[in-house]
Amino acid sequence: MARRLTPVGLEFTESAPLRLVFAREVAAPPRAVFRALAEDVAGWPEWFSAVTAVRPTDGGAGREVRLRGGAWMRETILAADPDEVYAYRVDETNAPGVRALVEEWRLTPSGTGGTRVQWTFAADGAAAFRMGLRLGRAGLGRAFRDAVSALDRRIAANSRDSKAS
């Protein structure tokens with residue numbers, strides 16, 4: 001059953017009742033990471049194992065995302081600042097208990113020429129939903145680390161392939 005969520009803005013990443021923040025440094029430069037996040041949305045299942053499909057909607061202003069286990073979301077892009085931030089709000093989902101959800105991917109150049117990728121998962125929902133996320137924090141963190149590592153490998157492989165051509 002589809003649920004409409006509260007239409008919050010980007011500031012929700014700072015004010016949400018539940019904020020989970022994860023960070024990891026990768027070798028890929030910010031431009032390449034941003035491209036993979038914001039411009040190659042259909043490629044997300046190649047590096048984020050929880051994601052089975054992503055397609056842009058509304059001329060690129062939104063996305064439809066399908067996750068393993070059958071969950072789906074319709075999202076609105078809140079920020080797409082090249083090399084800096086990619087963020088989206090979930091407008092509609094079949095996931096129970098959630099009232100509002102924003103995810104923000106913040107990119108910061110690292111001293112090694114790579115990127116520090118910070119993912120903020122900002123949410124509000126029923127008490128059981130918030131408790132489940134708190135209990136699942138380690139699993140979400142592992143999923144983020146695995147996804148960002150796979151993304152870094154994918155960018156490196158694509159870079160090698162394009163140089164060989």
Side-chain angles (χ1 to χ4, degrees), residues 1-26 30-31 33-45 47-110 115-148 151:
M1 179 169 149
R3 292 172 183 74
R4 298 273 317 147
L5 303 181
T6 303
V8 294
L10 192 56
E11 72 283 349
F12 191 67
T13 60
E14 297 297 326
S15 64
L18 180 63
R19 293 178 67 246
L20 303 176
V21 181
F22 307 98
R24 185 169 190 92
E25 191 166 317
V26 297
R31 181 74 193 127
V33 176
F34 180 82
R35 247 187 253 123
L37 291 172
E39 297 170 13
D40 182 20
V41 296
W44 278 55
W47 55 271
F48 206 135
S49 65
V51 177
T52 61
V54 182
R55 71 175 185 86
T57 60
D58 302 320
R63 307 179 337 158
E64 187 173 290
V65 179
R66 302 226 173 249
L67 303 174
R68 292 203 190 291
W72 58 265
M73 295 168 274
R74 288 195 184 93
E75 303 170 337
T76 296
I77 307 302
L78 298 176
D81 300 327
D83 308 347
E84 293 180 22
V85 65
Y86 183 63
Y88 41 87
R89 170 188 66 226
V90 175
D91 296 316
E92 193 174 349
T93 185
N94 64 344
V98 61
R99 285 189 210 114
L101 177 60
V102 172
E103 294 181 45
E104 177 191 68
W105 297 77
R106 183 139 318 257
L107 311 175
T108 308
S110 69
T115 306
R116 180 179 187 269
V117 180
Q118 178 178 294
W119 180 47
T120 300
F121 188 93
D124 188 18
F129 171 78
R130 291 192 318 270
M131 176 68 80
L133 281 178
R134 283 188 186 100
L135 292 172
R137 178 183 176 79
L140 272 175
R142 189 171 34 262
F144 165 76
R145 285 188 305 278
D146 291 350
V148 171
L151 175 60

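Everything numeric here is computed off the predicted structure, so don't read it as measured data.
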Worksheet entry | Closest non-hydrogen atom pair, Pro17 against Arg130 | CB-CD, 4.4 Å
Response to the item:
Residue set satisfying ring-ring contact (aromatic ring centres under 6.0 Å, His included) with Phe129, at least two apart, ordered chain then number -> none
When the side chains of residues 5-12 are checked against the rest of the protein, which donor-acceptor pairs come out under 3.5 Å, sequence neighbours left out?
unit_1, atom_1, unit_2, atom_2, d
Thr6, OG1, Arg99, O, 3.4
Glu11, OE2, Gly9, N, 3.4

Worksheet item: Between the side chain of Arg19 and the main-chain N/O of Ala122, is any donor-acceptor distance below 3.5 Å?
Response: no
Worksheet entry | Test side-chain hydrogen bond (donor to acceptor under 3.5 Å, both in side chains) applied to Arg63 - qualifying residues, sequence neighbours left out | Glu75
Worksheet item: Going by the ring-ring contact (aromatic ring centres under 6.0 Å, His included) test, which pairs reach into residues 51-70, not counting sequence neighbours?
Response: none
Worksheet item: Taking the side chain as C-beta and beyond, is there a heavy-atom pair between Leu133 and Phe121 under 4.5 Å?
Response: yes
Worksheet item: Would a 4.5 Å heavy-atom cut-off, applied to side chains only, mark Arg35 and Asp40 as touching?
Response: no
Fill in: With sequence neighbours excluded, residues passing ring-ring contact (aromatic ring centres under 6.0 Å, His included) with Phe22
Trp119
Practice prompt. Name all residues meeting the side chain to side chain contact (heavy atoms under 4.5 Å, CB included) criterion together with Glu92; count only those two or more places apart in sequence or in a different chain, and write none if there are none.
Written response: Ala2, Arg4, Trp72, Arg74
Worksheet item: In chain order, what residues pass the side chain to side chain contact (heavy atoms under 4.5 Å, CB included) check against Asp146, with sequence neighbours excluded?
Response: Arg142
Item to complete: Show your reasoning for whether side chain to side chain contact (heavy atoms under 4.5 Å, CB included) applies to Val33 and Val117.
Response: CA-CA 9 Å; Val33 176; Val117 180; 4.2 Å; yes
Discussion item. For Phe48, give me all partners under ring-ring contact (aromatic ring centres under 6.0 Å, His included), at least two apart in sequence or on another chain.
Written reply: none
Worksheet entry | Partner residues of Trp47 under the ring-ring contact (aromatic ring centres under 6.0 Å, His included) criterion, sequence neighbours left out | Trp44
Worksheet item: Considering all heavy atoms of both residues, which atom of Gly97 and which atom of Arg3 are nearest to each other, and what is their separation?
Response: N-NE, 4.3 Å
Worksheet item: Rounded to the nearest 0.5 Å, what separation is found between the CD atom of Glu103 and the CG atom of Leu78?
Response: 11.0 Å
Worksheet, complete the sentence: Heavy-atom nearest pair, Ala42 first then Pro45, reads O-CD, 3.2 Å
Item to complete: Indicate yes or no for a side-chain donor-acceptor contact from Arg137 to the backbone of Leu20 under 3.5 Å, with no hydrogens or angles considered.
Response: no
Fill in: Closest non-hydrogen atom pair between Pro30 and Thr115, with its separation
N-OG1, 2.8 Å
Fill in: Test item: Thr52 side-chain N/O and Arg66 main-chain N/O as donor-acceptor pair under 3.5 Å
yes
Worksheet entry | Gap separating the CG atom of Leu107 from the CG atom of Leu37, nearest 0.5 angstrom | 6.0 Å
Worksheet item: Among all residues two or more places apart in sequence or in another chain, which pass the side chain to side chain contact (heavy atoms under 4.5 Å, CB included) test with Ala80?
Response: Phe34, Ile77, Tyr86
Practice prompt. Kindly write out the residues that satisfy side-chain hydrogen bond (donor to acceptor under 3.5 Å, both in side chains) with Ser110, not counting sequence neighbours, or none if the list is empty.
Written response: Glu25, Thr112
Practice prompt. Measure the CE-CG distance between Met73 and Asp91 for me, rounded to the nearest 0.5 Å.
Written response: 11.5 Å
Worksheet entry | Sub-4.5 Å side-chain heavy-atom contact between Leu151 and Val26 | no
Worksheet item: Is there a side-chain contact between Arg134 and Leu18 (heavy atoms, below 4.5 Å)?
Response: yes
Response to the item:
With sequence neighbours left out, the residues meeting side-chain hydrogen bond (donor to acceptor under 3.5 Å, both in side chains) with Asn94 are none
